[in-house]
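For reference, the structure is listed below as structure tokens.
Letters go in sequence order (proteins before strands), and every chain restarts at 1.
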Amino acid sequence: MAEVKDVLDKIGFGYGLLGEHPMRARAYTNGARIIKKLGKGVRAAYYDGELGKIRGIGKGLLGTIGAVLEGRPVPQLAELEERIPAGLFETRRIRGIGPSKIRALWHELGLTTVAEIEYACNENRLVDLKGFGPKTQETVLASIAAMREGREGLRQDQAQEGARAALQRLEAEGIRAALVGDVRRGTEIATSVDLLVLGDEAVQDRAGKLLAGEGTVPVTVTGCADPSLFAVHTLLATGTSGHIEALAARAGERGGSLDAEGLFLDSGMGPHLVDCEDEDAVYAALGLHPTPPARREPGVPLVGVGVARPRLLRREDLRGALHNHTTDSDGIHGLEEMRAAATAAGLEYLGISEHSRTAAYAGGLPVDRLLDQVQRIAAMNDARGDDAVLLTGVESDILRDGGLDYPDEILAALQVVVASVHTRYSADPDAMTARMCAVARNPFTAVVGHPTGRLLLGRPASPYDVEAFLDACAEGGCAVELNANPQRLDLDEVHCAMAKERGVLVSISPDAHSAQALSHLDHGVVIARRAGLGPDDVLNCMPLGQLEAWLDGRPRP
DNA sequence: GCCGTTTTCGGCCCGACTGTTTTCAGTCG
């Protein structure tokens, strides 16, 4: 099914391309942005009637959204598709040029696909157009190249959603299947959803055909015909190969083997097949604690029974969540709704950190509005009953020199200052390292938000010295964020592990711009587990009292 | 198309940056 936000975005772009209804175009584009912030909850929000209450979603957009959700045709889109060559819609993914410039390419040069635009750049044909020049042509070319590189792959949220749908479909047909591969291990990007089905080739074929037309997510089906080997095959197909090799080596040490034939061990009378009902039984037979899928990576040691195993983070260890937005800046739900959602999610506290005054595009708060919110939060906490406690704060832009966006006396009035870069990502690496180290050493910084600024499949991480930055965090006593928005997952698992090594706490934050988006925390937990983090490594595993003590105990001028 | 009325029209996030200009349009966040 077409995604709501893509349809709205397409319509907005289409109107922009025709240049006929600029404000109507803006309304659709804005709608797409709202849906994106909502995350997965569009369908529920639509049927609950919540969607229509959101500012920016009116009767027209609601009708369009309903049509998409129910699989009905969308007249506006149909009309645009009639008037605009299909390939042009794809060109909206080229960064650096927007509807106006693409319109010029279409009308002046007759270009209607990404490939044609790329070709024209190589022939140097863009430079002479009015409003274009050598720099623009270069930008376009670089952007198209980046699109090519980044397009391949599924984000964790897309992959999980696709896996859920596929498994449901097979179950409805009475086919037993298990999720295996990268998606099961929780990698930030996967190439396909890998499923193992139980059955002979006929069953596998049927499963493959059932899923071929489903959704947009590529699914790879493999089969196992022998029910008694299903657990071993699940293990093998989950990987990684490095992990499996380590297990096979262990079986070898015991006179046996582990491969598609099953687990064989020698108890004195030659190797015999071990009956394994599930994966845990395989590990147990090898004298091991089971390794969770997230940790089945090369280099992660196996843990023998009798040896204490590291306690990996679980979702229920999270006591709260810092870094969230409301309608006061660019969120789509108010303080009350966000608090209710946090309470429902079992959180003890919720940190509110709106954009700061420099981030005008995101409704960043000037001092008076920020202080007003602080007062409203205090009043809400006074009369909160069993609700989650709200923490005051801000997501301060990190200025060019590494400074924060408010005077000290304002920052001092806040509980949680999250500091994030939102502009000038591509400054040179040395300057960026200095900027990030400066903010890490700033006594007002509690958490550095999405430290590398990457967008998965979209924008590369800022190239700077992250290790030097983490050293500065350790020195300054601040925490680093694992931004759990599946488009970011920033810091990544490698850097999270580096933070742990240095004793730098990790704050797993949903960066929620809607109530639904608190569920991003799940993605953060997966990455934290892959990084080997336990509850002691995560700032928001602290109960409220301890967190407050940590915040208060940090040196401030 | 959305919104909020000073309610049926007339505004629409807004400032920085970039590359193109010669005073600004387009794009981005």
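- No engagement by A:Leu129 is indicated, since no non-hydrogen atom pair under 4.0 Å with the nucleic acid exists.
- In terms of phosphate contacts, A:Arg26 brings a side-chain nitrogen or oxygen within less than 4.0 Å of OP1 or OP2 of B:dC13.
- Taking atom CG of A:Leu8 as the reference point, atom C1' of B:dG1 lies 11 Å away to the nearest angstrom.
- As rounded to whole Å, 13 Å separates atom P of B:dG26 from atom CD1 of A:Ile97.
- Note: OH (A:Tyr15) to P (B:dC12) measures 22 Å, nearest angstrom.
- Note that OG1 of A:Thr29 is 7.5 Å distant from CZ of A:Arg33, once rounded to the nearest 0.5 Å.
- Here the side chain of A:Arg95 pairs no donor or acceptor atom with the backbone of A:Ala142 at under 3.5 angstrom.
- Across all strands shown, A:Lys59 has heavy atoms under 4.0 Å from sugar-phosphate atoms exclusively, and none from any base.
- The residue among A:Lys101 and A:Arg33 whose nearest nucleotide of DNA chain B is located toward the 5' end is A:Arg33.
- Atom CD of A:Glu467 sits about 11.5 Å away from atom OG1 of A:Thr433, to the nearest 0.5 Å.
- Distance from the side chain of A:Met23 is smallest to B:dG1 among B:dT20, B:dG1, B:dC3.
- Counting only heavy atoms from C-beta outward, the side chains of A:Cys437 and A:Tyr464 never approach each other to under 4.5 Å.
- For B:dG29, the OP1/OP2 oxygens have a side-chain nitrogen or oxygen of A:Arg95 closer than 4.0 Å.
- A side-chain donor-acceptor contact under 3.5 Å links A:Ser514 to the backbone of A:Lys37.
- The residue among A:Asn30 and A:Gly58 whose nearest nucleotide of DNA chain B is located toward the 5' end is A:Gly58.
- Contact check, A:Arg357 against B:dC13: no side-chain N or O comes under 4.0 Å of OP1 or OP2.
- Here the P atom of nucleotide B:dG29 and the CD1 atom of A:Ile34 are 18 Å apart, to the nearest Å.
- Counting only heavy atoms from C-beta on, A:Leu61 has its side chain closest to B:dC2 among B:dC2, B:dG29, B:dT20.
- Between A:Thr136 and B:dT18 there is no side-chain polar atom (N or O) within less than 4.0 angstrom of OP1 or OP2.
- A distance of about 15 Å separates the P atoms of B:dG4 and B:dC14, rounded to the whole Å.
- Across all strands shown, A:Gly96 has heavy atoms under 4.0 Å from sugar-phosphate atoms exclusively, and none from any base.
- With a cut-off of 3.5 Å on both Watson-Crick or G-U wobble distances, the partner of B:dC24 is given as B:dG19.
- When distances run from any side-chain atom of A:Arg24 to the nucleotides B:dG1, B:dG29, B:dG4, the shortest one goes to B:dG1.
- Rounded to whole Å, the C1' atom of B:dC2 lies 14 Å from the corresponding atom of B:dT8.
- A:Tyr28 comes within contact range of the sugar-phosphate backbone alone, with a heavy-atom separation under 4.0 Å but no base atom that close.
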